[in-house]
Amino acid sequence: MTDRPAAIITGASRGIGRAIAISLGAGGWDVVVNYRSDEASAKGTQRQIEDLGGACRIFRADISVAGDRRRLVDFAKDSFARCDMLVNNAGVAPTNRADLLEATEESFDRVMGINLKGPYFLTQLVANWMIEQVKTACDRKFRIVNIGSISGYTSSPGRGEYCVSKAAMTMMTRLYADRLAEFGIGVFEIRPGIIETDMTAAVKEKYDKLIADGLTPIKRWGRGEDVAQATLAIAEGRLDFSTGQIIDVDGGFHLRRL
Ligand code: NAP
């Protein structure tokens, strides 16, 4: 086991997860980068971290599958023998946006499986491992970050299952924050707004216009790095007397304005 802290970041082959992995790697963390299918991109993340002098291992696992979650945690144990931080970042939008009155149960199950059930039970596994570590290394700090969304409180009837999954993640954060506080494990939700990634590529033009027209007080797209900076603040212990906290990284989208 090294002296450096270690993190598991789900869905870190691209987008927000990649930015988080790179900023932790650059900050002296050992990083396990999880991905589901895109190995070339995961290797790209790994290369960037190694170029910055960090240590990174990549692991394919579908977080909606119980066996994959167990294998991911076993891989992290074999790789770095410690886990100081879990970032539940992997998430998907519905494959087809469908109106609430027509959307299918199949899409609901897929989105909830990846966005809610996966992180819920991955957190259970990692939290139990963290509790074991607390017993033998009481000088270390442990933290869990869930990547939620403004969709957790904003109605989009064209992707209801996504909104429901992110709303539930807020309660998941509260539950784990409550249960794990006695072990000194902090649990946070970071709530991104409109971030320029593959997930939003299909609606880029629509959001370009909405942002230009003042949808967000800060008139620009968010970047993965914006979310990574907030994650790093938690990783570095700047919020250690907080838990269950929601951190909006959304250009002020959450403000109600008249
Ligand atoms: P993205 O660019 O589409 O990347 C998604 C990542 O998740 C990829 O690395 C993908 O791996 C991985 N992934 C997908 N399904 C997975 C599964 N079943 N198991 C493991 N990994 C899986 O998405 P993003 O925009 O960075 O979004 C990251 C998170 O931020 C999501 O939770 C999303 O809901 C949230 N968010 C995004 C925005 C936004 O505007 N972009 C706003 C608010 C919240 P592969 O490439 O291998 O498939």
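Just so you know, ligand 1 is whichever comes first in the structure, and atom 1 is the first atom listed for that ligand. In this text, all values refer to a predicted model and were calculated from it rather than measured experimentally.
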Set of residues satisfying side chain to side chain contact (heavy atoms under 4.5 Å, CB included) with respect to Lys43, sequence neighbours excluded: Glu39, Gln46, Arg47, Ile58

Members sharing Trp221's hydrophobic cluster, built from side-chain contacts under 4.5 Å between Ile, Leu, Val, Met, Phe, Trp and Tyr, are Ile150, Tyr153, Ile194, Val203, Tyr207, Leu210, Ile211, Leu215, Phe253

Sort out for me which residue in Asp250, Val249, Val145, Asn89 forms a side chain to side chain contact (heavy atoms under 4.5 Å, CB included) with Val227. Val249

Show me the pairs that pass ring pair (Phe, Tyr, Trp, His ring centres under 6.0 Å) and involve residues 84-121, at least two apart or across chains. Tyr120-Tyr176

Ignoring hydrogens and geometry beyond distance, is a side-chain donor-acceptor pair present between Ser13 and Asp38 at under 3.5 Å? no

Specify the closest pair of heavy atoms between Leu52 and Ala26, including all atoms of both residues, with the distance to one decimal. CD1-CB, 3.9 Å

Expected contact list for ligand 1 at under 4.0 angstrom, heavy-atom basis, is Gly11, Ala12, Ser13, Arg14, Gly15, Ile16, Asn34, Tyr35, Arg36, Ser37, Asp38, Ala61, Asp62, Ile63, Asn89, Ala90, Gly91, Val92, Ile114, Ile147, Gly148, Ser149, Tyr162, Lys166, Pro192, Gly193, Ile194, Ile195, Thr197, Asp198, Met199, Thr200

